[in-house]
Amino acid sequence: MIYNDTIVALATPSGSGAIAIIRLSGKNAITIADDNFKSVTPKKSLKNQKTHTIHLGHIVDGKRTLDEVLVSIFKNPNSYTGEDVVEISCHGSSYVQQEIIQLFLRCGCRMANAGEFTLRAFLNGKLDLSQAEAVADLISSDNEASHQIAMQQMRGGFSSEIAKLREELLNFASLIELELDFAEEDVEFADRTQFKELIERITFVLKRLIDSFAVGNVIKNGIPVAIVGEPNVGKSTLLNALLNEDRAIVSEIAGTTRDTIEDEISIGGIGFRFIDTAGIRETEDVVESIGIKKTFEKIEQSQVTIYLFDAQKNIASLEDVRIEIEKIRNKHPQKPLLVIANKIDTLTDIQLAEINKIIADVLLLSAKTGFGVEHLTNSILNLINTGALRNNETIVTNTRHYDALLKASEEIQKVQNGLETGLSGDLLAIDIRQALYHFGEITGEITNDDLLGNIFANFCIGK
Ligand SMILES: Nc1nc2c(ncn2[C@@H]2O[C@H](COP(=O)(O)OP(=O)(O)OP(=O)(O)O)[C@@H](O)[C@H]2O)c(=O)[nH]1
Ligand SMILES: [Mg+2]
């Protein structure tokens, strides 16, 4: 055990609730809790209780009873932190919570820093760094996809994949370094063909992990979808229909939306952030033209663009729409674009056929009645490559991991080049060590205080 002090913190959100949980971890956790605990009959001391047991009693401050509580005991090393841990479930009054925490502070506990319980768990080898980071991701996950990725990472799916590669590579590094000791004899302990195969396999896995970041990153942050189009075509009405609430102001006056409005919903378990923008058109109005500039910025920043036009337009105007769509496509050829004819509730079948003739791949919709909205959400979902997610493959969501993978991949590339050009063992060994270093950064074999400080500072207190 690394720490001598015992920490305390509220593990549940601050404020009042049905119950609250106060957590203690460290050498004196059980003693401190016991000193302030009076069991409901039979009399018992917490110190003599088995690990993973729960006890009903009162927290007392001298003669004063603070609350009736349940105390859970976890003895080291079988606890979250690997130290002795006590969790006190008390009534969820802010006053009670604070009184109990103050009492423990007076009895020798220290207030825990953000993420300190998980930091201790990491330092005691209960989980590796990427698993610890997944704990934070899990706590902040708010849709099925980000939850699934965090759970997988917390269970160690990602770490074990990296650790396996690291071990195999380490094996070869040792063999090559051994060769250096026998330089005069000119022996080869490390079978170069097998080594090449391993490097190819590592390259393949690294590429898959690196590529997965494109999906992982958007899933974690929500996929931004910009809704654009001329004024009054029904963009805000569509946003409201998607969100199922009156989020944006809708009116028959062109130029109603002047700034951008955003909100997030989950479709098929993935978080999407819809962005309603000001209508695109030539304008003299300064405020509105600022809004329009923002619209273009929003298209840039979005993953998907929805272009909306008014289906009631005459044929000549539909030609203009077609040209406008071409322009957006040419400007952002890589970006998925969904073209929607809105207000089709007012149209005849003949008019609909006309639209289909002029505008290719158009989605017919009525934001007002809701017709076509489900079709639209399905189309959006189809644009996002969720294959990796469906197949439960490892997905990288963490920028720190992504950076380390990129660096590892560079070093592996050097090793591969070295093998092809018959680079000498000592130089090869240096590149392999570098790659190993970056693998170690992900799982935490290689860390420094700054890195740990940064990671755990993002946790909440009590975790
Ligand atoms: N009939 C019909 N009217 C609609 C439909 N969708 C929107 N409207 C009407 O069109 C008008 C403009 O709707 P908004 O949602 O404010 O349009 P907008 O594109 O956000 O407009 P700006 O914010 O000004 O750019 C309102 O009067 C809506 O009620 C639809 O599907 N059918
Ligand atoms: Mg609007």
Side-chain angles (χ1 to χ4, degrees), residues 218 223-243 248 250 254-257 260-262 265 267-268 270 272-282 291-292 294-385:
V218 288
I223 297 163
V225 183
I227 306 172
V228 304
E230 283 178 15
N232 234 9
V233 295
K235 299 180 294 297
S236 300
T237 312
L238 176 61
L239 176 79
N240 291 343
L242 286 164
L243 299 175
V250 167
T256 305
T257 308
T260 54
I261 301 168
E262 303 192 14
I265 52 162
I267 303 173
I270 295 176
F272 286 88
R273 209 167 65 244
F274 286 97
I275 305 155
D276 178 19
T277 59
I280 312 169
R281 65 157 174 206
E282 303 290 324
I292 290 163
K294 277 199 181 159
T295 298
F296 282 108
E297 283 169 15
K298 289 293 168 191
I299 298 183
E300 305 257 316
Q301 292 161 12
S302 294
Q303 187 87 357
V304 177
T305 309
I306 295 178
Y307 179 85
L308 216 62
F309 67 93
D310 191 333
Q312 298 162 323
K313 279 180 182 290
N314 60 34
I315 293 178
S317 313
L318 283 177
E319 267 307 321
D320 293 341
V321 167
R322 198 178 58 77
I323 293 164
E324 184 76 25
I325 293 167
E326 278 307 302
K327 271 194 214 156
I328 299 180
R329 278 228 164 86
N330 288 337
K331 204 166 170 198
H332 303 284
Q334 302 296 336
K335 205 154 276 187
L337 177 71
L338 289 169
V339 177
I340 294 177
N342 187 33
K343 310 194 187 181
I344 61 151
D345 50 298
T346 63
L347 262 58
T348 63
D349 287 350
I350 298 165
Q351 286 169 302
L352 290 178
E354 205 60 56
I355 293 174
N356 269 317
K357 237 190 274 165
I358 299 171
I359 317 258
D361 297 325
V362 66
L363 227 138
L364 303 176
L365 187 133
S366 166
K368 200 171 194 170
T369 67
F371 175 88
V373 173
E374 197 178 324
H375 185 75
L376 169 64
T377 53
N378 287 334
S379 307
I380 296 170
L381 208 53
N382 284 337
L383 291 175
I384 307 299
N385 176 12

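We use all heavy atoms of the structure for the numbers below, so side chains are in, but hydrogens, waters and symmetry mates are not.
Side-chain contact check for Asn342 versus Val233: every heavy-atom pair is 4.5 Å or farther apart. Thr305 places none of its side-chain heavy atoms less than 4.5 Å from the side chain of His332. Side-chain contact between Ile306 and Ile380 is present, with at least one heavy-atom pair separated by less than 4.5 Å. The side-chain heavy atoms of Leu364 and Asn356, taken from C-beta on, include a pair separated by under 4.5 Å. Here the side chains of Phe309 and Asp320 are not in contact, with every heavy-atom distance at 4.5 Å or above. Residues Leu239 and Thr257 are not in side-chain contact: their nearest non-hydrogen atoms beyond the backbone lie 4.5 Å or more apart. In this structure, Val339 and Asp361 have side chains that are not in contact, with every pair of non-hydrogen atoms separated by 4.5 Å or more.
Other residues, nucleotides and ligands place no more than 12 heavy atoms under 6.0 Å from the CD1 atom of Ile350. Under a cut-off of 6.0 angstrom, the local environment of CG in Asn330 is crowded, with over 12 non-hydrogen atoms contributed by other residues, nucleotides or ligands. By the 6.0 Å contact criterion, NE2 on His375 is open, its count of non-hydrogen atoms from other residues, nucleotides or ligands being 12 or less.
Listed by chain and number, the residues in a side-chain hydrogen bond (donor to acceptor under 3.5 Å, both in side chains) with Lys313 are Glu230 (sequence neighbours excluded). For Glu319, the side-chain hydrogen bond (donor to acceptor under 3.5 Å, both in side chains) criterion is met by Arg322, not counting sequence neighbours. Residues forming a salt bridge (charged side-chain N to carboxylate O under 4.0 Å, His left out) with Glu324 (at least two apart in sequence, or on another chain): none. By the side-chain contact (heavy atoms from CB on, under 4.5 Å) test, Ile315 pairs with Glu354, Ile358, sequence neighbours left out. Contacts of Val250 classified as side-chain contact (heavy atoms from CB on, under 4.5 Å), with partners at least two apart in sequence or in another chain: Ser236, Thr237, Asn240. Residues passing the side-chain contact (heavy atoms from CB on, under 4.5 Å) test with Asn314 are Ala316, Ser317, sequence neighbours excluded. Remark: Gln303 engages Val218, Ile223, Pro224, Ile384 in a side-chain contact (heavy atoms from CB on, under 4.5 Å) (not counting sequence neighbours). With sequence neighbours excluded, the residues that form a side-chain hydrogen bond (donor to acceptor under 3.5 Å, both in side chains) with Thr346 are Gln312.
Here the closest heavy-atom approach between residue Val362 and residue Ile359 is recorded as CG1-O, 3.7 Å. Taking both residues in full, the closest heavy atoms of Ala367 and Ala241 are given as O-CB, 3.8 Å, listed atom of the first, atom of the second, then distance. The shortest heavy-atom contact between Leu381 and Gly268 is CD2-CA, 4.0 Å. Taking all atoms of both residues into account, the shortest heavy-atom contact from Ile344 to Ala311 is CG2-CB, 4.0 Å. Closest approach of Tyr307 to Gly229, counting heavy atoms only: CE1-CA, 4.1 Å. Leu238 and Leu365 make their closest contact through CD1-CD2, 3.9 Å (heavy atoms, listed as atom of the first residue, atom of the second, distance).
Note that OG1 of Thr256 and NZ of Lys235 are 8.5 Å apart. Values are rounded to the nearest 0.5 Å.
Applying the salt bridge (charged side-chain N to carboxylate O under 4.0 Å, His left out) test to every pair with at least one member in residues 325-349, sequence neighbours left out, gives these pairs: Asp310-Lys343.
Between the side chains of Glu374 and Thr377, no donor-acceptor pair of N or O atoms lies under 3.5 Å.
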Full working for side chain to side chain contact (heavy atoms under 4.5 Å, CB included) between Val225 and Leu242
CA-CA 12 Å; Val225 183; Leu242 286 164; over 6 Å; no
